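One structure below.
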Amino acid sequence: MKVVYKPRNAYEEISCFDFREYDEGIVLHDEQGYNIGYVPHEILSHIEPHPGEEVIFEGGEPPEREDDEE
C-alpha cells in the first residue's frame, strides 16, 4: 500500500506492506514486519492500496462500522 502524507508544502508517499494505527499516528511495516516509518495523524492524507490489494465489498460500499457506546 502507499501512505500519502503532507509534512510541509508538498505531498510525500511511502510504500509499505502493512501498518498499525495508534492514538498519535500510524507505524508502517515492510513484508518482514520491520518498522519502516511513522506518520502522525496530523499530516496523514490518505492510504492507497496497490493494484491487487483492493478489497471489493458486496454492494460496492464497506459495511457500517458499529462503535461501542457503552
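Predicted, not measured: the structure shown is a model, and the values here were computed from it.
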- Item | Val39-Ile47 co-clustered via ILVMFWY side chain contacts under 4.5 Å |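 Yes, it is one cluster - the side chains of Val39 and Ile47 are joined through contacts under 4.5 Å.
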- Message: Same cluster or not: Phe19 versus Tyr38, using hydrophobic residues (I, L, V, M, F, W, Y) connected whenever any side-chain heavy atoms lie under 4.5 Å apart?
- Response: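 As far as the 4.5 Å side-chain criterion goes, Tyr38 and Phe19 are not connected within one cluster.
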- To the nearest 0.5 Å, how far apart are CE in Met1 and SG in Cys16?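 Here the rounded value is 5.5 Å.
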Per-pair distances, 0.1 Å, donor-acceptor, side chain in residues 5-14, under 3.5 Å, sequence neighbours excluded:
| from | atom 1 | to | atom 2 | distance (Å) |
| --- | --- | --- | --- | --- |
| Tyr5 | OH | Glu12 | OE1 | 3.3 |

- Contacts of type side-chain hydrogen bond (donor to acceptor under 3.5 Å, both in side chains), residue Asn35, not counting sequence neighbours: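 Scan of Asn35 (side-chain hydrogen bond (donor to acceptor under 3.5 Å, both in side chains), adjacent residues dropped) gives His29.
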- Step by step, would you call Gln32 with Phe17 a side-chain contact (heavy atoms from CB on, under 4.5 Å)? CA-CA 9 Å; Gln32 289 78 35; Phe17 181 75; over 6 Å; no
- Item | Closest heavy-atom pair and its distance - Asp30, Ile36 |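 So the two residues come closest at CB-CG2, 3.8 Å.
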- Message: Please determine whether side-chain contact (heavy atoms from CB on, under 4.5 Å) holds for the pair Val27 and Tyr22, giving the CA-CA distance in whole Å, both sets of side-chain angles, and the decisive distance to 0.1 Å.
- Response: CA-CA 8 Å; Val27 174; Tyr22 295 96; 3.6 Å; yes
- Within the distance-only criterion (no hydrogens, no angle test), does the side chain of His41 pair as donor or acceptor with the backbone N or O of Glu21 below 3.5 angstrom?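 No.
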